[in-house]
Amino acid sequence: MLGNFTYHNPTKLYFGENSLEYLNDELKNYGKNVQLIYGGGSIKKNGIYDSIVEILKANGKNIIEDAGVMPNPTVEKLREGVKTARENKVDLLLAVGGGSCCDYAKAVSVSVNCDDDPWEKYYIRFEEPDCEIIPVGCILTMAGTGSEMNGGAVITNHEQKLKIGHVFGDEVMPKFSILNPKFTMSLPKRQMVAGIYDIFNHICEQYFSGDDDNTSDYLAEALMKSVIKSSLIAIENPDDYEARSNIMWTATWALNTLISRGKDTDWMVHMLGQAAGAYTDATHGMTLAAVSLPYYRYIMPYGLHKFVRFAKEVWNVDTNGKTDEEIALAGLEAMKGWMQKLGVALSLSELGATSDMLEGIADATIILDGGYKVLTREEVVKILKESL
Ligand code: NZQ
Ligand code: ZN
């Protein structure tokens with residue numbers, strides 16, 4: 001049953017190859033001091049940085065540079081960004097990059113006017129912000145996380161070997177996000193496919209939960225089919241604008257709260273992947289790919305009906321003469337074939353994990369209860385061993 005829920009997403013989106021122009025309009029809504037957040041320099045190589053700086057200057061803004069946000073942003077970088085924002089009395093946090101920059105901007109936004117240490121407050125005690133939040137805007141250069149239209153902010157603490165996400169509410173979601181598919185075209189293939197798998201898995205995490213006739217699941221199937229089709233075009237021809245724009249738009253809708261309405265949602269692939277990420281610092285989408293097949297094979301008997309539906313609706317599996325179990329397994333085989341075509345990681349060892357890390361990764365795995373099987377710690381270890 002769909003049940004009772006609220007749906008509200010306050011992020012305004014500007015999509016398409018001319019979308020950066022709208023930054024001019026948006027900047028009028030905020031004060032003078034703009035913290036320009038970006039990563040390791042890709043935006044300087046592909047020219048996006050120059051275009052943005054030109055717009056900021058034309059609108060009379062003071063630019064406060066905040067470069068070097070690393071993939072899987074760290075708690076140390078977060079504390080540094082908070083200090084920069086405080087010292088410069090920042091009015092807008094403008095993130096230019098992928099999920100790491102957008103997540104980091106949100107984590108800074110809730111911490112600038114708050115006395116507590118952000119890691120302790122938001123990632124250990126999971127408190128909600130009780131201080132003034134600095135507005136965030138995103139200019140996306142990598143499609144995958146959905147961070148451009150959600151409240152998620154994942155931070156890594158290498159010292160404690162933890163990678164934790166806090167999903168904040170509406171007031172922390174970006175005020176606006178600019179999505180130009182052309183900006184994603186300079187992504188190396190490895191990053192593009194990691195993002196594609198991340199999108200697909202976000203949909204799976206919401207789909208493999210419950211067994212009702214839920215509109216959210218029909219939407220999920222349509223999004224899965226779109227990203228599969230476009231990904232196969234994009235790996236052959238990365239400059240195909242239609243495919244790249246479909247991938248970007250699917251990423252946004254895969255994780256902007258729409259398809260989780262009326263669902264418990266699973267998120268165990270992310271819990272396993274994030275724990276592995278805390279140990280290896282590997283690319284997010286790759287960690288998910290490495291644990292997915294062992295996890296789904298393990299839980300399949302507990303949600304057989306849904307895995308049969310997945311095989312039929314998403315992968316067009318020929319059901320003739322097959323038992324339900326055979327159909328479900330054929331669906332997962334088809335998914336594996338697609339993952340191999342993309343070239344995503346199919347094992348944790350490819351990402352630098354070793355067997356002596358597994359107990360620690362299991363300890364860092366948060367066990368959630370929205371999927372078809374609430375795992376025990378022993379089952380987590382078993383799945384991790386199979387993923388190695
Ligand atoms: O740092 P630069 O030089 O910009 O390079 C980046 C980075 O090395 C590069 N890149 C991005 N756009 C590019 C480009 N290179 C060339 N051309 C471009 N146009 O790509 C690399 C990866 O970027 P990153 O932002 O780290 O990737 P992604 O978007 O996958 O974000 C990953 C982070 O988001 C979190 C992950 O855990 C991870 O920390 N997530 C956030 C979520 C959310 N907010 O809801 C949900 C996700 O499940 C995920 O956990
Ligand atoms: Zn993800």
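Counting starts at 1 for both ligands and their atoms, following the listed order.
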Practice prompt. Using the side-chain hydrogen bond (donor to acceptor under 3.5 Å, both in side chains) rule, take S147 and D103 through it: C-alpha gap first, then chi angles, then the decisive distance, then the call.
Written response: CA-CA 6 Å; S147 188; D103 279 20; 2.6 Å; yes
Fill in: side-chain hydrogen bond (donor to acceptor under 3.5 Å, both in side chains) between E148 and T11, worked out
CA-CA 8 Å; E148 65 275 15; T11 303; over 6 Å; no
Worksheet item: Going through the checks in order, is the side-chain hydrogen bond (donor to acceptor under 3.5 Å, both in side chains) test met by Y38 and E65?
Response: CA-CA 8 Å; Y38 57 98; E65 290 262 339; 2.4 Å; yes
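The distance criterion of under 3.5 Å between nitrogen or oxygen atoms is not met by I43 with respect to ligand 1. For ligand 1, one of its N or O atoms has an N or O atom of G152 under 3.5 Å away. When only interatomic distances are considered, the shortest N/O to N/O separation between L255 and ligand 1 does not fall below 3.5 Å. Ligand 1 has a nitrogen or oxygen under 3.5 angstrom from a nitrogen or oxygen of T141. Taking distance alone, with nitrogen or oxygen atoms compared against 3.5 Å, G99 approaches ligand 1 more closely than that limit. Checked against a 3.5 angstrom limit, the closest N/O atoms of P73 and ligand 1 fall outside it.
Ranked by closest heavy atom to atom 13 (C) of ligand 1, the top entry among N201, L187, T156, I48 is L187. Within the set R190, K106, K163, the minimum heavy-atom distance to atom 37 (O) of ligand 1 is found for K163. Scanning H270, E205, Q191 for the heavy atom closest to atom 20 (O) of ligand 1 points to Q191.
Here the side chain of D66 pairs no donor or acceptor atom with the backbone of L36 at under 3.5 angstrom. Between the side chain of H202 and the main chain of A254, no donor-acceptor pair closer than 3.5 Å is present. Between the side chain of N201 and the backbone N or O of Y197 there is no donor-acceptor pair closer than 3.5 Å. Checked by atom type and distance alone, the side chain of K263 never pairs as donor or acceptor with a backbone atom of I259 at under 3.5 Å.
Note on D239 versus R244: no salt bridge recorded, every NZ/NE/NH1/NH2 to OD/OE distance being 4.0 Å or above. Here D117 pairs with R79 in a salt bridge; the nearest charged N to carboxylate O distance falls below 4.0 Å. A salt bridge links R309 with E221; the closest basic N to acidic carboxylate O contact falls under 4.0 Å.
With a cut-off of 2.8 Å, the protein N/O/S atoms near the Zn ion (ligand 2) add up to 4.
Those atoms of ligand 1 that come under 4.0 Å of a heavy atom in S186, given as number and element, are 16 (C), 17 (N), 18 (C), 19 (N). Per-residue contacts place G39 under 4.0 angstrom from the following atoms of ligand 1 (heavy atoms of the residue considered): 1 (O). When each atom of ligand 1 is checked for a heavy atom of P71 under 4.0 Å away, the hits are 7 (C), 8 (O), 26 (O). Atoms of ligand 1 found under 4.0 Å from any heavy atom of S147 (numbered from 1 in listed order, with element): 44 (N). Close contacts between ligand 1 and D103 involve ligand atoms 34 (O), 35 (C), 40 (N), 41 (C), 42 (C), 43 (C), 44 (N) [criterion: under 4.0 Å to a heavy atom]. In summary, the atoms of ligand 1 found under 4.0 Å from a heavy atom of N72, numbered by their order in the structure, are 38 (C), 39 (O). Close approach of ligand 1 to H202 (heavy-atom distance below 4.0 Å) involves ligand atoms 47 (C), 48 (O). Each of the atoms 43 (C), 44 (N), 45 (O) of ligand 1 lies under 4.0 Å from some heavy atom of N150.
In this structure, atom 6 (C) of ligand 1 has no protein heavy-atom contact shorter than 4.0 Å.
Y14 is connected to I43 through a chain of hydrophobic side-chain contacts under 4.5 Å among Ile, Leu, Val, Met, Phe, Trp and Tyr, so both are in one cluster. Side-chain heavy atoms closer than 4.5 Å link hydrophobic residues (I, L, V, M, F, W, Y) into clusters, and following such links, possibly through other members, connects I124 to V82. The hydrophobic cluster containing F176 does not contain V110, counting ILVMFWY residues as joined when their side-chain heavy atoms lie under 4.5 angstrom apart, directly or transitively. No single ILVMFWY cluster, assembled from side-chain heavy atoms under 4.5 Å apart, contains both L13 and F183.
G144 does not count as a contact of ligand 1, since none of its heavy atoms falls under 4.0 Å from the ligand. In this structure, M185 falls outside the shell of residues with a heavy atom less than 4.0 angstrom from ligand 1.
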May I have the list of side-chain donor-acceptor pairs in residues 336-346 shorter than 3.5 Å, sequence neighbours left out?
residue : atom : partner : partner atom : Å
W338    : NE1  : S231    : OG           : 2.9

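Atom-to-atom distance recorded for Y104:OH and K77:NZ is 4.0 Å, nearest 0.5 angstrom.
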